Amino acid sequence: MAQAVQASPTDDILLDVTDLRKSFGGVHALSGVSFSLKAGEVHALVGENGAGKSTLIKVLTGVHHYDAGTISLGGAAFEPSDPHFAKAAGIQVVHQEFNLLTDLSVAENISIEAFPRARFGLLDRTEMKRRARTALDAIGLNDVDVDTPVSRLGIAHRQLIEIARALQTESRILILDEPTATLTERETSRLFDIVAGIKAKGVTVVFVSHHLDEVFAICDRVTIFRNGQTIATENIADTSPEGVVRHMVGRTLSEQTKELNDAICDSIVLSVEGLQTAASPHPQGVSFDLRQGEILGIAGLVGAGRTEVLRAIFGADPIQSGQISRNGNRISISNPRDAIAAGIGFVTEDRKDEGLILDMDIAANTSLVSIKDVSVKGLLNFAKERLMAIQGGARLKLKYGKASDPASSLSGGNQQKVVLAKWLASHPEILLLDEPTRGVDVGAKAEIYAILKDLAAQGMSMIVVSSELPELITLTDRLLVMSEHKVQGSLMPEDYQQEAILKLAYGQSETPEGQNQ
Amino acid sequence: EDKPVVGLVMKSLANEFFQNMMVGAEEHAKMRGDYTLIAVGMQNETDFESQINAVENFITQGVDAIVIAPADSRAMVRPIKRAMEAGIVVVNFDVSLDAAAKEQQGIDLAFVGPDNRGGAKLAGDALGQALGDGGKIVIIEGNPGADNANERRLGFEASVEEYKLDLLDSRTAHWETEEANQVFSAMLTAHPDIQGVMAANDSMAVGVVKALEAAGRSDIIVVGFDNIPAVGPMIADGRMLATVDQFGTRMAADSIDLALEVVAGGPALEGWVKTEIELVKGQ
Amino acid sequence: MKGSSAFSVKSIVNNAGIGLALLLLILFFSVASEFFLSPNNITNILTQITINLILAVGMTFVILIGGIDLSVGSVMAFAAVIAGKAITLPGLGTTELILLAILAGLVAGLICGLVNGVISAYWALPSFIITLGMLNIARGAALQVSGAQTIYSFPFAFEEFGSKMVFGIPFVFLLALALVAIAWFVLNRTVFGRLIYAIGNNEEAVRLAGHPVFWYKVAAFTICGATAGIAAIVYMARLSIASPIAGIGFELNAIAAVIIGGTSLAGGRGSVIGTLLGAFIIGVLANGLILIGLSDFMRQMITGVVIIIAVILDHYRAKLSSS
Amino acid sequence: MKGSSAFSVKSIVNNAGIGLALLLLILFFSVASEFFLSPNNITNILTQITINLILAVGMTFVILIGGIDLSVGSVMAFAAVIAGKAITLPGLGTTELILLAILAGLVAGLICGLVNGVISAYWALPSFIITLGMLNIARGAALQVSGAQTIYSFPFAFEEFGSKMVFGIPFVFLLALALVAIAWFVLNRTVFGRLIYAIGNNEEAVRLAGHPVFWYKVAAFTICGATAGIAAIVYMARLSIASPIAGIGFELNAIAAVIIGGTSLAGGRGSVIGTLLGAFIIGVLANGLILIGLSDFMRQMITGVVIIIAVILDHYRAKLSSS
Ligand SMILES: Nc1ncnc2c1ncn2[C@@H]1O[C@H](COP(=O)(O)OP(=O)(O)OP(=O)(O)O)[C@@H](O)[C@H]1O
Ligand SMILES: Nc1ncnc2c1ncn2[C@@H]1O[C@H](COP(=O)(O)OP(=O)(O)OP(=O)(O)O)[C@@H](O)[C@H]1O
Ligand SMILES: [Mg+2]
Ligand SMILES: [Mg+2]
């Protein structure tokens, strides 16, 4: 983690927001938000899922129009009417949900806001690629070719490209909405170095995160949201993580403790041997066993191939070679249907493209996998479906209006909870989770951990891929560390130390090859 | 093989009138046995390009004669000129090339075919006689812009003039049964006092007859054009008064005969070689 | 938001946004022509929209999954020719003939739809091209089978069902309405319908939820083919002929009804109630413009203008109702 | 992967995936007919695909932004009628007349495209419906302006340009090829072109990046209208007439060329090189099937089958080349 940045903000107020209000139909997303940005500071926005952080950002950047309140920028009234207006005023943003052009190349995505033009409106491609290369190198993506179409990249790479794009343009204010949700330590610390760099140049940064350690590492001040209102703004130096959480949720959270799971049976429910996919370069493939009631974690750096393994097991992508056994019997999984029939569920990392049907309502999303449970002879039972959604929502502390609201109206973290609810409702025996708490707030995260542990205690087995080491450390009973598409090592809870995990993740072998099980 | 090759350029063979004509030509070719027939149709009524393409393809293949029913009396003049310049005998049948266009391109070409306008007038006259002075009628036109649609409309209008009929409305139904049915239903609503209908082809006449049946009107007289088999029963039982037969089955075959005579060294055709038309009426 | 889940009455009204434009049209024509609201003319309109409505119901399924079917007009002609051949077979009783013809037409349409669906879903090919291919195949086949001849002379009982009236409403229109009702029920109340919407919205998410996307897509195209078969039967009964060149351009009308009705060409959003209203807009417009005595060419231009204005109006209504 | 960024020769080859199907077609016809590869016939094919190719180039822009333009056939007829009226004006010199006609046709097409673009982009309405409206408006206007009469008798110099040959290649085809080259350049080398792709990919993202999406969409439709104007001029020069009923159904052929060429109807993916090959497939097929002497109905059926097989083949080629 990057060291705290020296506080050097001035006391000039750059942006001032007072009593801002915004509602969507009956939902009051912002009901009285006031905060101010001092020129040159790094300012954190924190709050539970659905508290209104992203909505504020969308208002400031001209995506949404606000209902009431005042905004002033540099002392003058500021009414951002569209994204272009806000950009022209020097506000750059990385939104929480991706806005990439997946069929275009990385270089084009990075330059989209201001393509380098030669004469006559021609695109200066050499310059475009050069800029993209520089931008990628700056953010540590040395291994990504600028000509690659974005559709070939995993979710973390996409996030980094969004950030690289925002950094392309000189700006007065840079807003980052949960930029670290999918990043591993390596990328996060690189991002923090960059933030420190631009701060030194006098740029003001707004930073949204559910990771308070990050907030305390790089921010000067923090504004806390609750239910569409700003509760307090505090100097980081004068507060503590506990204090911030208390403001956020209105109470203190109990410390997460690591308890050993004694419900793990010896029976192996899933065994993977020599699993190879189109992308994996190693002939020996990936092998491991999963026992009943066990929560197996997979750690690794971005692009290490973790998602690949889960997708292959679930039949989402074709397997090149290798065997999968369920309860000791070899099974063949050629599509997700087979996997679900074998009692396997899969929470995907990309909720927008793979997880949710954004236009459909929350209830329909929740019941998508277990639609048989809410229907009789092909006829839907809406009451039952609603109940499923409400129960699933309550369990995961979902913040929503009605079960019949479309999933697109939910905040990012709440959308993630709907994806979880969908798979929990299907009662799988084995659940594969890829970045399960991406964008979920501290409080809800704790609830989710508790639920998952409880399910494990009841005999459900899980494989958790996560970029957050603390998550893997609290949640898992065993940890595989992957690097370069192969399993680099396997750790038991007693050996969980950041250093050891990172060492493996960087490809420095600790356990000899072939002893990964 | 040194049999002469005849390229036959038809209009849309999806139209049963031309389909029957083509079958007639094919049987004719089999019967005579002394020439090779290559026949090409087009995709639809307004697909002028494919006729031009066909003529161009025939020039490429070096056929001895091209026998063509032009989709457009003006568009086909230039390709036909090119064919003639390539030494191919060309016979124009069914629809006459536009005289002014021919003059402009400096070609002289005879026409073998029926008189569409005269035929329509036969049908129109039959209706005029049945209704008498001041009879209220409507016209269902063919595709606007198509030559034979134009000719038939003019023929109908001549009858209207001659018999002092009262033309209430005149609309296109693009040669189609379903559209004629819809268009005529609405016309009938707007003009409940219609006494007679002139349809530019029988497919549309069928649509009109069905509309009359649906409206429970048996007092309105319908005439058509083409004499397709489907109107046979309608004429027999009086649901239609008359239609016009152009003896299309023979038209292409006769034109081929004429072309082969020229290929064999006979004199070039001249003027308008009129083919037979006949009014078909019930008893 | 044009919600995909048209459950409540309110959401039906919302889905059916184009209703306002339809109302204005009807109002205008009632004032402009004394005949427009006459029982006879209403019967005409209902009869005339029947075939387009039937085709549009099937088309709604295909468009909801994000596909398109350009072949319905040709398939209708092919089904009509097949049914026409069946109904004019010698040596069978009238009832048998009629049943046989209905079955033959339905099966012919259904098979064409099945082929469309299997090819476009199996290879994940653009249905625009596949059904354009089928448009040519079915039309060629219709012409080949019939020798380009119009088939006619059907049993009287069969023709009668085309002009039968029930409580002053054409029976064939009631049939079409029944199809709308069934489609509405299937799309809104069944698992099948739910997944049709879901696939149009996010196919990958549905696949990852373990549903056999392939079969749902095939089913949508097959339903569309089957409605083309039904349309063929109605066409035959109504006009007493089976013409191999029937239905040219019908696909555009059917698609227009669906889209004017608010269903998104991208899939996933829309409703069959909207389709019903869309078909009415097209039918009322065609009928009314003749009644007020516009010339053919003006009529064509005004049809274009009104269609555009209708969707613009719908846009504003949707905006109002969402705020 | 049909990459949108057609920079390298390799990626052009990849984009042009349908090339394999085209090659097989050409091979087959060369063997099946001695005339197929004759210089004369090649000239014929080139002339014959010219108009469809010109329309398809404009259509590529519209489809790339995720739209569709059903009006190109009608707009072409309308532009032809306007240009025809202009070129037959009395009292002007030949050169003036020709220039005036070209200008008039181009502007007429361009304005129709502009209207399509402004309406569909401003109100965010489905371009399918807006251009269907324009299809009717332009056709009605063409018939009205011309009084349903074919306009003819153009200056000789004008007609000559329709049949002029340059190095044995029809001049009009070279013109179309030049349009393809320009379109390729614009789409791949200019900022404008990349934003066209970007909008088709993710309109919202482009909007969030601060670009005036509205104007880019309007531009795409306007380009499409302008190519319909150019097609009208070529049509007139080739056929020596301006017919108000020309171009019926041309929109489907143009769209087919674009989609067979691998451009996605959903927008954002594809290339104008693919469009060129798509137009060739359609043209070669039409020409070759006549040469081998198939009956009309068989020809229509086989056309459908070959179109389907071509896209299936392309699917496998794309798969092979991506692995
Ligand atoms: N387009 C929309 N339509 C309807 N409701 C919306 C819309 N966008 C946001 N909301 C609602 O506004 C509230 C605030 O959402 P917002 O996205 O600002 O939360 P957030 O603080 O960013 O949460 P998270 O941490 O989960 O990202 C939520 O209740 C959400 O459901
Ligand atoms: N160096 C690379 N260059 C290009 N593509 C890569 C690279 N590494 C991985 N990929 C691809 O990018 C995707 C990301 O890999 P994957 O998602 O399996 O890794 P991950 O460990 O889950 O990382 P992430 O956190 O990005 O999801 C995969 O499709 C993989 O094939
Ligand atoms: Mg948020
Ligand atoms: Mg991953």
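Just so you know, these numbers use all the heavy atoms, side chains as well, and skip hydrogens, waters and symmetry mates. Chain letters run A, B, ... following the sequence lines, proteins first, then strands; residues in each count from 1. Quick caveat, the model's predicted, so the values are computed rather than measured.
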May I ask you to check whether B/Asn53 and D/Asn287 show a side-chain donor-acceptor distance below 3.5 Å?
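Not at all, the side chains of B/Asn53 and D/Asn287 share no donor-acceptor pair under 3.5 Å.
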For [X], is it the side chain, the backbone, both or neither that has a heavy atom under 4.5 Å from a heavy atom of chain B?
| X | answer |
| --- | --- |
| D/Ser243 | side chain |
| D/Ser38 | side chain |
| D/Asn41 | both |
| D/Phe154 | backbone |
| D/Tyr235 | side chain |
| D/Arg299 | side chain |
| D/Ser163 | side chain |
| D/Ile51 | side chain |

Pairs of heavy atoms under 4.5 Å with chain B: top-ranked of D/Leu291, D/Asn40, D/Thr150, D/Ile290
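Result: the option with the highest number of such pairs is D/Thr150.
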Chain B: which of D/Ser146, D/Ala286, D/Ala148, D/Ser33 shares the most heavy-atom pairs with it under 4.5 Å?
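Ranked by contacts with chain B, first place is D/Ala148.
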Determine whether more than 12 heavy atoms belonging to other residues, nucleotides or ligands lie under 6.0 Å from atom CG of B/Asp108.
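No - once you tally the heavy atoms of other residues, nucleotides and ligands closer than 6.0 Å, there are 12 at most.
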Take atom CD in B/Glu103; do more than 12 heavy atoms of anything else shown fall under 6.0 Å from it?
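No, CD of B/Glu103 has 12 or fewer neighbouring heavy atoms, counting only those of other groups under 6.0 Å.
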Atom [atom1] in [X], atom [atom2] in [Y]: separation rounded to 0.5 Å?
| X | Y | atom1 | atom2 | answer |
| --- | --- | --- | --- | --- |
| D/Phe36 | B/Asn57 | CZ | CG | 10.5 Å |
| D/Asp296 | B/Met10 | CG | CE | 9.5 Å |
| B/Glu26 | D/Ser295 | CD | OG | 8.5 Å |

Provide the closest heavy-atom pair for [X] versus [Y] in the form atom of the first, atom of the second, distance.
| X | Y | result |
| --- | --- | --- |
| D/Phe297 | B/Leu13 | CZ-O, 3.5 Å |
| B/Pro144 | D/Ile245 | O-CG2, 3.1 Å |
| D/Tyr152 | B/Ala100 | OH-CB, 3.1 Å |

Contact part of [X] toward chain D, heavy-atom cut-off under 4.5 Å: side chain, backbone, both or neither?
| X | result |
| --- | --- |
| B/Ala149 | neither |
| B/Ile52 | side chain |
| B/Asp72 | side chain |
| B/Gln19 | side chain |

Residues D/Glu159 and B/Lys81 bridged, charged N to O under 4.0 Å:
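No.
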Report yes if some heavy atom in the side chain of [X] is under 4.5 Å from a heavy atom in the side chain of [Y]; otherwise report no.
| X | Y | result |
| --- | --- | --- |
| D/Ile241 | B/Phe48 | yes |
| B/Asn150 | D/Gln149 | yes |
| D/Leu239 | B/Glu49 | yes |

Knowing that exactly one of B/Gln104, B/Arg74, B/Met76, B/Arg78 qualifies, which makes a side-chain contact (heavy atoms from CB on, under 4.5 Å) with D/Ser240?
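The single option meeting the side-chain contact (heavy atoms from CB on, under 4.5 Å) with D/Ser240 is B/Arg78.
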